[in-house]
Amino acid sequence: MSRRRVVDVLLVLAVFGVTVGMLGGGREWGDHATRTRDTLGVVLAAGTALPLLLRRREPVAAFALSALPSALISALGYPPGPPVGPTVAIFFIGRYPSETTTGRRIAAVTVGAVYLLHVGASWVGHEGSPLVPLLLGALVWGGAWVAGDRVRQRQERIREGRSRTERERRLAVAEERTRIARDLHDSAGHALNVILVQSGAARLLAEKDPARARAALETVESVARETVDEIDRMVRVLREDGGGSVDPPIGLAALDRLVQRHEDAGLHVETTVHGEVRPLTRAVDQAAYRIAQEALTNAARHGASGAELAVTYGDDALELTVRNAATDAEIVEGHGIVGMRERAALLGGRIDVASQGGSFEVRAELPYDGDAP
């Protein structure tokens, strides 16, 4: 038997036991004696409890079926007391309300009708003023309904909180995957391009100029080692739970090394820095380096033999401009340009890509106070 079914059975037994106990052994009520507990009373007590097995699926039906024998108990003159079965059932009407307007109307009409039936039954069975059962019934049943509704609202807030937390977790995972994809594309794409150029040069120079061939192979080895280290750092960052320290990400401090690597690969890069150099946030520093890396990689892959890199420290934003002569002036936004746009957008900046007069230009603007989420 499932845990839920066990709870249902225990609730039915508890309501049955309390109702039977309230029937008592008969006592004076006003000017007449109440009816003593007998077999019929026990059967009616069971009738008020058993419908509660339907309380989850059909709370309104459970209430109506429980209230009818409860009304008979009052009408037949048994000792008066709060109708336990219907009160518990009406709690679950508030706890599991109908999702449709029609269903809510049916519930309200059913409760109102049964309420009047109960008041009338109490009046008939005990020959007293209906004012007391009228007020007591409104208080008890109204309180039970409100209590059930409060429990429902609390459970809904808990579920909404869990759902919101799960959505935020999934969004964070998606953003992290996107960031990893950008970093891997920029790092691995740049490294593979350099390795391709240098390994080809080593092959061509192996017999003509062994010294330059060895230098090219050393560059290949160095680039491969740095790329492996960078990927290892990414993996460590992902596995960190905040309790340890990791190496800082690559930033503009490594720009000279990046330029030198492209120089070794045969791409002449003319670098200029404008404005007063200032400290950058971690996010801006890393994004600037990655954008420069991807733009120079594209220049080496699709451009001619030279490129211009300009770094400008403006009043409100850092500007990066990479311009190169292009053999193919058509702009095709692949993963690289898309990744650059995403990096800039996360910081509140922008990327402008232009191709005209046989040259290709990438211009990035990154606000100083930009900080990726």
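In what follows, every heavy atom counts, from backbone to side chain, and hydrogens, waters and symmetry copies are set aside. Since the structure is predicted, the reported quantities are computational estimates derived from the model, not experimental observations.
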Side chain to side chain donor-acceptor pair (under 3.5 Å) involving Gln153 - partner list, sequence neighbours excluded
Asp149
Under 3.5 Å, is there a donor on one side chain and an acceptor on the other for Gln293 and Arg290?
yes
Interatomic distance, OH@Tyr368 vs CZ@Arg278, rounded to 0.5 Å, equals 5.0 Å
Any link between Val88 and Phe16 through a network of hydrophobic side chains (Ile, Leu, Val, Met, Phe, Trp, Tyr) touching at under 4.5 Å?
no
How close do Leu23 and Val42 get, heavy atom to heavy atom, and via which atoms?
CD1-N, 4.2 Å
Residue pair Asp8 / Leu52, side-chain heavy-atom distance below 4.5 Å:
no
Side chains of Arg152 and Tyr96: does their closest heavy-atom pair fall under 4.5 Å?
no
Those residues that, when tested against Thr102, pass side-chain contact (heavy atoms from CB on, under 4.5 Å) (two or more places apart):
Thr100, Ile106
Contacts satisfying ring-ring contact (aromatic ring centres under 6.0 Å, His included) that involve residues 40-75 (not counting sequence neighbours) are Phe63-Trp141
Please determine if Glu160 and Arg164 form a salt bridge, counting it only when a charged side-chain N lies under 4.0 Å from a carboxylate O.
no
Ser163 versus Arg167, side-chain donor and acceptor atoms under 3.5 Å
yes
When rounded to the nearest 0.5 Å, the distance separating CE of Met340 from CG of Asn298 is 5.5 Å
How far does CZ of Arg343 sit from CD1 of Ile291, to the nearest 0.5 angstrom?
7.5 Å
Does Val18 reach the side chain of Met22, with side-chain heavy atoms less than 4.5 Å apart?
yes
